[in-house]
Amino acid sequence: MALGRKTLISGVKPTGRPHIGNYFGAMRQFVDFQDEYSSLIFIANLHALTTEKNSKQLKQNTLDVAIDYLAIGLDPKKTLIFKQSDTPQVAELAWMFNCLTTVPYLMRAHAYKDAVAKNEEVNAGVFEYPVLMAADILIHDSDVVPVGYDQAQHIEIARDMARMFNHTFGEIFKSPKEIILEGMKIVPGTDGRKMSKNYNNTIPLFATDDEITKAVMSIPTDSSTIDDQKDPEKDNVFALHKLFSNKKELAKLEEKYRKGGIGYKESKEILVKNISTFTAPLREKRAKIAQDKQSVLDMLDEGGKRARAKAEEKMEKVREIVGLTLSESSL
Ligand code: TYM
């Protein structure tokens, strides 16, 4: 990580296989920006605990996300890759933020409100989710956070935490900014809602051809025939074409939709082919990396040590400013 560059941080939860929404909304940016920023990309295993209670599964998912990161092109020489739990300082900092924020403030968070609206019995971890996320971001003096639109409010909360803390104890945290790519804000799932592991509407990034075919063929479409004129903006298949076609192909497809001359079956077949062409090299790379688990574990270990040292350096200053450390000169 070169000096003088701005700091980028982001992470993915190890709660299942990443999908193309995670990829286009966030993960691809991790790779695209790794030369421009001093980058830290972690596996949010503490956040995963809000839903994952099976230790074996959590371990496997965590290793899988590490392999996914490498497969999409994250380079450990350029990007500090680590497990969130290797920086336990974030939980300590989250506690300090907890003592500054109010319950009504956190009750306004979308994720909490959604869970309550579904009558779910929400655990305190879900309620605290944005506080821990603020700690992840602020502990590393991060400038930018590439995420999908669903995380925008969480970055806003991180800014609020920084402001509250700085106001109370003195200037110590930077104000981070989200990077949300226009057109990739909310990648739709096979049912048209946001693609999400919670909705069973995903196309996994590392899916086999059969899985891709099954997912795409399941996309509901209206009853128009091949010759009917169709509005591409109302079709979920077309929405996904936008991610996998170049400008020329997309324009041609749009014309066929608008004039009539293409059926949904053909449109889906083209989409399957394009997704497969795009993801096949990633899949192949992933399979190779997965053969050497030990190297991946060593990389995580090394990344964890470096991230922990960095977090600890910041926390020493934070503990001092808050009044937790005692030394003769500071009394
Ligand atoms: P996770 O694993 O739920 O999501 C990982 C990233 O994928 C984005 N994303 C999407 N983007 C566009 N369209 C979609 N359909 C879609 N679905 C998911 C998410 O916005 C996210 O950027 N809370 C984070 C994990 C986290 C984190 C952090 C991120 C914990 N601490 C600190 C940044 C900084 C999350 O949602 O992970």
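Counting begins at 1 with the first residue of the sequence. In this text the structure is predicted, and so the values were computed from the model without any measurement. Counting starts at 1 for both ligands and their atoms, in listed order.
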Just heavy atoms, cut-off under 4.0 Å: does [X] contact ligand 1 by side chain, backbone, both, or neither?
X: His47; value: side chain
X: Ser10; value: both
X: Val145; value: side chain
X: Gln84; value: neither
X: Ile137; value: side chain

Between ligand 1 and [X], is the shortest N or O to N or O distance under 3.5 Å?
X: Gly148; value: yes
X: His154; value: no
X: Val187; value: yes
X: Met195; value: yes

Residue-ligand contact [X]/ligand 1, heavy atom below 4.0 Å:
X: Lys185; answer: yes
X: Tyr129; answer: yes
X: Phe42; answer: yes
X: Met27; answer: no

Atoms of ligand 1 less than 4.0 Å from [X] heavy atoms?
X: Gly25; result: 11 (N), 12 (C)
X: Met184; result: 12 (C)
X: His19; result: 17 (N)
X: Lys194; result: 15 (N)
X: Ile186; result: 13 (N)
X: Val147; result: 22 (O), 33 (C)
X: Asp150; result: 19 (C), 20 (O)

Nearest protein heavy-atom contact for [atom]: which residue, which atom, what distance?
atom: atom 6 (C) of ligand 1; value: Ala26 CB, 3.7 Å
atom: atom 36 (O) of ligand 1; value: Gln151 NE2, 2.9 Å
atom: atom 31 (N) of ligand 1; value: Asp136 OD2, 2.7 Å
atom: atom 25 (C) of ligand 1; value: Gly11 O, 3.7 Å
atom: atom 37 (O) of ligand 1; value: Lys13 N, 3.8 Å
atom: atom 18 (C) of ligand 1; value: Asn22 ND2, 3.2 Å
atom: atom 11 (N) of ligand 1; value: Gly21 O, 3.3 Å

In terms of side-chain geometry, is the basic nitrogen of [X] or [Y] positioned less than 4.0 Å from the acidic oxygen of its partner?
X: Lys230; Y: Glu254; answer: no
X: Asp64; Y: Arg17; answer: no
X: Lys273; Y: Glu269; answer: no
X: Asp143; Y: Lys177; answer: no
X: Lys6; Y: Glu36; answer: no
X: Arg159; Y: Glu178; answer: yes
X: Asp35; Y: Lys78; answer: yes

(request) Could you check if a side-chain atom of Asn246 sits within less than 4.5 angstrom of a side-chain atom of Leu250, using non-hydrogen atoms only? (result) no
(message) I need the single residue from Lys285, Arg286, Arg283, Arg28 that forms a salt bridge (Lys or Arg N to Asp or Glu O under 4.0 Å) with Asp68. Which is it?
(response)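 By the salt bridge (Lys or Arg N to Asp or Glu O under 4.0 Å) criterion, Asp68 pairs with just one of Lys285, Arg286, Arg283, Arg28: Arg286.
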(request) Would you please classify the geometry between the Phe169 ring and the Phe165 ring as parallel, tilted or perpendicular, with 30° and 60° separating the classes? (result) tilted
(request) Give the ring-plane orientation class for Phe278 versus Tyr23, where under 30° counts as parallel, over 60° as perpendicular and anything between as tilted. (result) perpendicular
According to a hydrophobic-cluster definition based on side-chain heavy atoms being under 4.5 Å apart (Ile, Leu, Val, Met, Phe, Trp, Tyr only), do [X] and [Y] belong together?
X: Leu324; Y: Trp95; result: no
X: Val272; Y: Leu240; result: yes
X: Phe24; Y: Leu74; result: yes

(request) Using a cut-off of 6.0 Å, state whether more than 12 heavy atoms not belonging to Lys118 lie near its atom NZ. (result) yes
(message) A cation-pi test, strictly: NZ or CZ of Arg5 under 6.0 Å from the centre of the six-membered ring of Tyr37 and no more than 45 degrees from its axis. Yes or no?
(response) no
